[in-house]
Amino acid sequence: MKYPFKEIESKWLKYWEDNQVFKTDFSNIDKKLYVLVMFLYPSGAKLHIGHWYNYGPTDSWARFKKLQGYNVFEPMGYDAFGLPAENYAIKTGIHPYDSTMKNIQDIRVQLKKMGCMYDWNTELMTCVPEYYKWNQWIFLQMYKKGLAYRKFAPVNWCPDCQTVLANEQVIDGECERCGTQVIQKNLYQWFFKITDYAEELLQGLEKINWPEKTKVMQRNWIGKSEGAEVVFKVENSDEIIKVFTTRPDTLFGVTYVVLAPEHPLVDKITKNEYKKAVDDYRDSIKTLTEIERTSTVKEKTGVFTGAFAINPVNNEKVPVWIADYVLITYGTGCVMAVPAHDERDFEFAKKFNLPIKKVILKDGTNEDDELNSAFTEIGTMINSGIFNGLRSDVGIQKVIDYLEENGIGSRKINYRLRDWLISRQRYWGTPIPIIHCPHCGEVPVDEKDLPVELPYDVDFKPGGESPLARNEKFINVKCPKCGDDAKRDPDTMDTFVDSSWYYLRYLNPKFSDGPFDVELANKWTPVDMYVGGAEHATMHLLYARFFHKFLRDIGLVNSDEPFQTLVHQGTITNQGAKMSKSKGNVVNPDDFIDKYGTDVFRMYLMFMGPYDQGGDWSDKGISGVDRFVNRTYDLFKHYEGKLKNVKAIDKYDLNLLNEDEKRVYRKVNQTLKKFNEEIENFRFNTAVASLMELLNELRVFENCNDEIKSYVLTRFAFMLASVAPHLGEECWQLLGNDKSIYLETPKFIIDEKALIEENVNIAVQVNGKLRATISVPIDSEQDFVKSIIEKDEKVMKFVYDKIIVKEIFVKNKIYNIVVK
RNA sequence: GCGAGAAUGGCGGAAUUGGUAGACGCGCUAGACUUAGGAUCUAGUACCGAAAGGUGUCGGGGUUCGAGUCCCCGUUCUCGCACCA
């Protein structure tokens with residue numbers, strides 16, 4: 001009989017819902033386990049294969065844990081603010097709120113069909129005042145501590161999305177979302193001072209169980225580098241140039257100094273006769289795009305300013321240049337150039353005929369040898385006054401000490417990490433709770449006046465300024481301080497603010513005395529298992545860590561990190577490309593659900609290959625999983641009601657079983673062990689394969705007594721319940737159980753004795769080549785094995801006329817005869 | 001350019017500390033049952049060969065009794081970073 005998945009799936013969905021099977025008991029924290037998948041953006045495209053691939057297997061892991069006795073909390077919600085809804089509104093006129101709510105309704109239906117054990121009582125969405133009010137509250141807490149601030153700064157502007165972007169959202173100079181060339185604009189923008197946490201964000205990586213790749217990406221993104229800041233005086237001027245260097249040991253080799261073209265000092269120090277050239281150069285830079293400007297393949301350009309700087313360690317006079325390879329945004333925006341020992345400086349010096357002065361001697365070379373490229377490794381210091389003869393790695397510290405003693409520089413640590421730009425000139429987001437008063441300046445909205453509600457009635461068409469600025473009712477307000485006319489801040493927050501703390505809100509999304517229930521948060525966070533895409537490595541996953549640390553510092557959470565263990569699912573592509581509407585290669589999961597049912601689809605996704613690798617989509621193999629499910633159902637259906645009164649015991653004496661009973665008894669115990677290990681480590685493909693092997697082994701089932709049948713089938717159903725939850729429940733019921741396996745969870749102990757086989761196959765090799773495999777009792781000794789081999793024609797014919805040099809015997813594995 | 005990872009049958013992929021390469025599944029071949037088969041069941045299936053046997057884990061070297069696994073060189077692909085001083 002064909003497995004009637006439609007009836008059975010809806011039957012169990014209803015059962016789970018009616019009986020609140022997956023409602024979490026938050027009071028019991030003995031074996032608490034917070035399993036979280038990244039919440040989803042409710043777009044009109046609904047759920048695609050990628051969502052299923054993320055949620056299905058993760059849910060199976062959660063169910064597996066639940067069946068092991070853990071008190072599992074697995075929530076689901078919606079990351080509901082954001083640009084796509086607004087862009088959709090601009091195109092169609094449908095209000096973002098309306099389309100988002102509609103999408104959530106549709107998606108919720110799809111999600112429920114997946115049959116995940118989500119606790120629907122804790123479902124949340126970020127676009128409602130009950131949620132975003134607390135974004136504003138957290139913003140104000142940061143503001144109080146000086147961690148939220150506004151400044152005029154060059155920012156990334158996407159002309160198409162009409163908004164600024166964080167550095168992380170600019171990929172190869174293009175907008176992450178729409179691919180438009182990003183331009184630089186100077187604007188007043190709000191920032192979160194994530195840089196205050198740079199060191200802790202770096203250190204914290206040591207304590208969390210994350211993929212090494214992701215940690216490396218965060219480390220690089222934070223980009224810590226240690227060195228010194230050195231002060232150069234400008235000749236005939238009161239101005240000074242501060243440079244940051246990681247190589248103070250090369251300080252004596254400075255032959256010129258370079259400022260970023262945008263550096264404010266440039267105007268002050270440029271000599272009159274060079275003004276025109278400098279201005280022309282700066283203009284030429286402006287027309288370059290960000291990609292062209294930062295491309296490493298592009299030849300470096302620059303001009304001389306006419307000014308000279310004085311090297312503080314040897315009083316040498318060196319020219320001051322400006323060049324596009326120096327970035328205003330990093331360090332001090334000025335560098336000391338040591339062409340002999342820095343590749344970029346070398347290239348620049350060669351091009352403009354600037355002097356190259358060797359101060360680190362490569363071992364085994366002479367001072368007078370010509371340099372063909374910069375020598376950047378460790379060597380012996382030369383031409384460096386009192387430091388001559390020192391190894392350069394030691395010299396770094398000595399030079400810094402010298403700089404500090406003489407007041408011309410100091411030890412300094414720089415980070416590449418920039419503050420997080422959070423304001424967006426868009427409508428569909430959290431309003432920033434600040435009022436701008438002509439008299440009082442920036443005035444934070446009083447906490448009791450939160451939320452600053454996002455008005456529904458807004459002309460959200462883009463126009464270079466925030467849509468909220470055009471809403472008179474919203475924007476005009478009295479200053480809370482002086483009562484005079486003032487204006488609200490017209491910007492909204494980056495949606496990464498929403499996702500930086502949602503895992504805390506899930507514990508009780510209706511909580512109204514604060515952003516989240518602190519008592520619950522202290523008991524239930526950090527999240528034990530977090531699963532989501534690797535594309536969030538330097539954005540969401542860094543921001544959330546920053547938020548968590550801040551919330552800890554204001555006493556709201558008691559842990560240092562939000563996500564203890566992190567797993568990335570791989571990406572499912574189609575014909576080698578990422579699925580997307582525009583490419584027209586999106587595979588609709590619903591077609592498969594209709595044809596095979598949700599369990600088969602889920603199990604197929606798990607069976608396809610290693611979870612962290614993803615892969616190219618193909619439905620070729622789904623029939624294999626479908627067959628497995630049908631055969632399994634047939635088997636259980638065959639025994640419906642027949643084993644109800646059979647009580648199997650926990651362990652059987654192998655000696656009392658017939659050969660077939662032994663076989664299935666062993667196999668089910670081996671499978672239980674294998675299955676546990678594989679699921680535990682997110683190796684779903686091999687876990688499913690082990691169940692298939694088990695089913696194949698049950699061909700001899702008819703020759704087994706009822707107790708063994710019951711013993712095997714209860715365990716089989718138990719394993720099925722993780723990977724094919726509806727089928728598992730049904731099979732469990734067919735065995736005569738009245739209640740859900742999740743309500744009355746059995747405990748199965750693996751019989752270690754059954755894991756061991758009576759006989760093992762030994763590979764017999766001659767000179768490493770396989771000549772036979774023989775079956776011997778387990779743990780047979782060499783002499784015994786040898787006596788069998790000696791009678792084996794197939795082996796001996798390779799041995800007779802030769803001299804045996806050596807015999808290697810590995811118990812239960814191989815017997816290798818080496819002959820000459 | 002730098003860094004990390006990967007490469008196994010026709011296909012997706014298995015393989016413990018170096019110890020029988022190809023588990024499991026798809027596909028394919030043959031057979032059974034059928035009015036029928038894109039259902040189901042049974043058997044087979046790395047390659048060459050009639051067999052004996054030989055050859056096989058991207059290519060080339062090496063270590064070892066024994067290498068998919070360890071070491072060196074190279075190719076291709078994927079991902080990340082890309083003037084960060």
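Comparing the same atom, C1', in G38(B) and in C48(B) gives a spacing of 34 Å after rounding to whole Å. For the P atom pair drawn from C11(B) and C58(B), the interatomic distance equals 13 Å after rounding to whole Å. Using atom C1' as the reference point in both A43(B) and G53(B), the two lie 25 Å apart (nearest Å). Here, U8(B) and C47(B) have their C1' atoms 14 Å apart, quoted to the whole Å. Comparing U29(B) with A39(B), their P atoms are spaced 13 Å from each other, to the whole Å. Comparing the same atom, P, in G5(B) and in C70(B) gives a spacing of 11 Å after rounding to whole Å. U78(B) sits 38 Å from U40(B) when the P atoms are compared, rounded to a whole Å. Remark: the separation of the C1' atoms in C24(B) and A15(B) is 12 Å, to the nearest Å.
Between Trp321(A) atom CH2 and C83(B) atom P the separation is 21 Å, expressed in whole Å. The OH atom of Tyr330(A) sits 14 Å away from the C1' atom of C81(B) (whole-angstrom rounding). Rounded to whole angstrom, the span from the NZ atom of Lys794(A) across to the P atom of A51(B) amounts to 16 Å. Rounded to whole angstrom, the span from the CG atom of Asn414(A) across to the P atom of A85(B) amounts to 8 Å. Rounded to whole Å, atom C1' of C65(B) lies 15 Å from atom CZ of Arg771(A). The interatomic distance linking Asp626(A) (CG) with G38(B) (C1') rounds to 13 Å, in whole Å. Between Leu695(A) atom CG and C41(B) atom C1' there is a gap of 14 Å when expressed in whole angstrom units. Per the geometry, CD belonging to Gln218(A) stands 12 Å off P belonging to C81(B), to the nearest Å.
The residue from Val234(A), Ile322(A), Val335(A), Ile241(A) that alone fulfils the side chain to side chain contact (heavy atoms under 4.5 Å, CB included) condition with Val257(A) is Ile241(A). The one candidate from Lys674(A), Arg699(A), Lys667(A) that meets the salt bridge (charged side-chain N to carboxylate O under 4.0 Å, His left out) condition with Glu693(A) is Lys667(A).
Map Asn767(A) and Thr245(A) each onto its nearest nucleotide of RNA chain B; the residue landing nearer the 5' end is Asn767(A). A residue-by-residue look at Val216(A) and Arg247(A) shows that Val216(A) has its nearest nucleotide of RNA chain B further toward the 5' end.
For Glu343(A), the CD atom counts as loosely surrounded, since its 6.0 Å shell holds 12 or fewer non-hydrogen atoms of other residues, nucleotides or ligands. Lys811(A) NZ: more than 12 foreign heavy atoms inside a 6.0 Å radius. By the neighbour-count criterion of 12 heavy atoms within 6.0 Å, atom NZ of Lys224(A) is densely surrounded, having more than that number from other residues, nucleotides or ligands. Within a 6.0 Å sphere centred on CD of Glu790(A), heavy atoms belonging to other residues, nucleotides or ligands number more than 12. Surrounding NZ of Lys794(A) are at most 12 heavy atoms belonging to other residues, nucleotides or ligands under 6.0 Å away. For Lys595(A), the NZ atom counts as loosely surrounded, since its 6.0 Å shell holds 12 or fewer non-hydrogen atoms of other residues, nucleotides or ligands.
Here G19(B) sits opposite C65(B) as a Watson-Crick or G-U wobble pair (both hydrogen-bonding atom distances under 3.5 Å). When Watson-Crick and G-U wobble pairs are counted only if both distances are under 3.5 Å, G12(B) pairs with C24(B). As the counterpart of C58(B), G74(B) is assigned, both hydrogen-bonding distances of the Watson-Crick or G-U wobble pattern falling under 3.5 Å. Base pairing of U34(B): no nucleotide in any strand meets the Watson-Crick or G-U wobble criterion (both distances under 3.5 Å). When both distances must be under 3.5 Å, the Watson-Crick or G-U wobble mate of A52(B) does not exist. Using N1 to N3 plus N6-O4 or O6-N4 for Watson-Crick, or N1-O2 and O6-N3 for G-U wobble, each under 3.5 Å, G80(B) pairs with C2(B). In this structure, U29(B) and A43(B) make a Watson-Crick or G-U wobble pair, each of the two defining distances being under 3.5 angstrom.
A cation-pi contact links Lys300(A) to Tyr325(A), judged by a cut-off of 6.0 Å to the six-membered ring centre and 45° from its axis.
Taking 90° from 0 as the syn/anti boundary, the base of G44(B) is oriented anti.
For the pair Tyr325(A) and A85(B), the criterion of a side-chain N or O lying under 4.0 Å from OP1 or OP2 is not met. Phosphate contact (OP1/OP2 of G53(B), side-chain N/O of Lys797(A), threshold under 4.0 Å): present.
Contacts of Thr329(A) with the nucleic acid, taken as non-hydrogen atoms under 4.0 Å apart, are absent. Residue Arg219(A) is out of contact with every strand shown, counting any heavy-atom pair closer than 4.0 Å. Within the nucleic acid shown, Lys769(A) comes within 4.0 Å of sugar-phosphate atoms alone, with no base atom in reach, counting heavy atoms only.
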> What string of B, S and - do you get for nucleotides 4-28 of chain B, 5' to 3', if B is base contact, S is sugar-phosphate-only contact and - is no contact with any protein heavy atom under 4.0 Å?
Replying inline: --------BSS--B-BB--BBSSS-
>> Before you tell me yes or no, could you show the steps for Phe304(A) and Tyr256(A) under ring-ring contact (aromatic ring centres under 6.0 Å, His included), namely the whole-Å CA-CA distance, both residues' side-chain angles and the distance that decides it to 0.1 Å?
In response: CA-CA 10 Å; Phe304(A) 180 42; Tyr256(A) 61 104; over 10 Å; no
